[in-house]
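The structure under discussion appears below in the form of structure tokens.
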Amino acid sequence: MSQPATKCSLCGGDAFFRQPYSGQAYCRSCYPRAFENRVRDHIVRRRLLRPTDRIAVAVSGGKDSVSLLHVLTKIERAFPKAGLLAVSIDEGIKDYRAEALEIATENTGNLGVEHHVLTFRDLYGRDLDQIAEAASAKGESSVCAFCGILRRKALNVAAKSHGATVLVTGHNLDDEAQSFLMSLLRGDISHVGRSHGRVEGFIRRAKPFSTIPEREVALYAYLKEIRHQSVLCPYAGSSIRNDVRRFLDAIEAKHPGMKFNVRGAVDKLSPLVLRMDGTYRTCAICGESSSGELCRSCQVLQGLGILA
Ligand code: SF4
Ligand code: ZN
Ligand code: ZN
């Protein structure tokens, strides 16, 4: 006997997508609205943004960040005293970042959002490709570990320099669950506090997609025909993140909801880790906020022999 077609939870029409963890189903026309409402509810419930915020959206050109820009542009219209800008980091990755930046520029232009680009070369005096060479000469294989630290500081600097009061990133539920497991595997849980709490000297951060699975963000981008970069970064293959992603996807397929459980643990742990990390001071080299004498970016650059 054939199963009855699943019906959209909102309009009762034929659904094309069902959330395995909630039982909700959506048709093509209701899904984007439901997605936008979910993001808005999350922002309000968690008080991620304030009505007078100058919001800097980190736009890499990938599906998450560009979709976030589209959703926030809609939400921001209801808050006339808020401002929106986009910041992009050009790490200097040959045959990859130029296309992403072109997509970021096209999307910000279409949406009428001011857009600023900061390069690794301007901030650190080197492209990521050169930093990767220095890392390889030192026997380091994971470029992403360095890039992540340097990008984080670059975004902080870019957002602050353009007067933003909050930096918003497109990290989704999968990113968050992966990052937490990677922190555990590296034995460095201080990342959990830095990533989820308000850290002294750093601009406030918000992640409106952090409870939305990656495939649901991808579905929004697809249905809204949002142009985004689909080519993978050439350094992504060497990342431990790929192994962690496969592991989490396999667990989630067998036990829907596990990624939410990991995300929930992050929420509980982050205030404790922040308290454990103690006070922040100023980096002796660059003057940015730091838990030690040197900030993590300067530690990375010094370790690679790029900073004296
Ligand atoms: Fe940087 Fe790795 Fe992301 Fe490439 S994949 S942009 S190297 S963090
Ligand atoms: Zn519907
Ligand atoms: Zn520093």
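Both ligands and their constituent atoms are indexed starting at 1 by order of listing.
- At a heavy-atom cutoff of 4.0 Å, ligand 1 is contacted by the side chain of Cys233 but not by its backbone.
- The number of protein N, O or S atoms lying under 2.8 Å from the Zn ion (ligand 2) is 4.
- Sorted by first and then second residue, the salt bridge (Lys or Arg N to Asp or Glu O under 4.0 Å) pairs with a member in residues 68-82 read Glu36-Lys74; sequence neighbours excluded.
- Taking the six-membered ring where tryptophan is involved, the planes of Tyr31 and Phe16 are perpendicular, since the angle between them exceeds 60° and thus also 30°.
- Side-chain atoms of Thr119 come within 3.5 Å of backbone N or O of Asp122 as a donor-acceptor pair.
- The side chain to side chain contact (heavy atoms under 4.5 Å, CB included) test applied to Glu106 returns Glu102, Asn110, Arg227, not counting sequence neighbours.
- The SG atom of Cys286 and the SG atom of Cys283 subtend an angle of 110° at the Zn ion (ligand 3), given to the nearest 10 degrees.
- Residue Tyr21 qualifies as enclosed at atom OH: its count of foreign heavy atoms under 6.0 Å is above 12.
- Atom numbering of ligand 1 starts at 1 in the shown order; those under 4.0 Å from a heavy atom of Tyr235 are 7 (S).
- Taking atom 8 (S) of ligand 1 as the reference point, the nearest protein heavy-atom neighbour is Cys147 SG, 3.7 Å.
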Sequence neighbours left out, cut at 3.5 Å: what donor-acceptor pairs do the side chains of residues 85-93 make with other protein atoms?
{"unit_1": "Ser88", "atom_1": "OG", "unit_2": "Val59", "atom_2": "O", "d": "2.7"}
{"unit_1": "Ser88", "atom_1": "OG", "unit_2": "His115", "atom_2": "NE2", "d": "2.7"}
{"unit_1": "Asp90", "atom_1": "OD1", "unit_2": "Gly92", "atom_2": "N", "d": "3.0"}
{"unit_1": "Glu91", "atom_1": "OE1", "unit_2": "Arg97", "atom_2": "NE", "d": "2.6"}
{"unit_1": "Glu91", "atom_1": "OE1", "unit_2": "Arg97", "atom_2": "NH2", "d": "3.2"}
{"unit_1": "Glu91", "atom_1": "OE2", "unit_2": "Arg97", "atom_2": "NH2", "d": "2.8"}
{"unit_1": "Glu91", "atom_1": "OE2", "unit_2": "Arg151", "atom_2": "NH1", "d": "2.5"}

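- If you look at Leu232 next to ligand 1, there are no close heavy atoms at all, none under 4.0 Å.
- In the vicinity of Leu128, heavy-atom distances shorter than 4.0 Å reach the ligand 1 atoms 7 (S).
- Between Phe35 and Phe209, the angle of the ring planes goes over 60°, which puts this pair in the perpendicular group of the 30/60° scheme.
- Between the side chain of Asn156 and the main chain of Ile203, a donor-acceptor pair closer than 3.5 Å is present.
- For atom 2 (Fe) of ligand 1, the nearest non-hydrogen atom of the protein is Cys144 SG, 2.3 Å.
- Here Tyr124 and Phe146 keep their ring centres 6.0 angstrom or further from each other.
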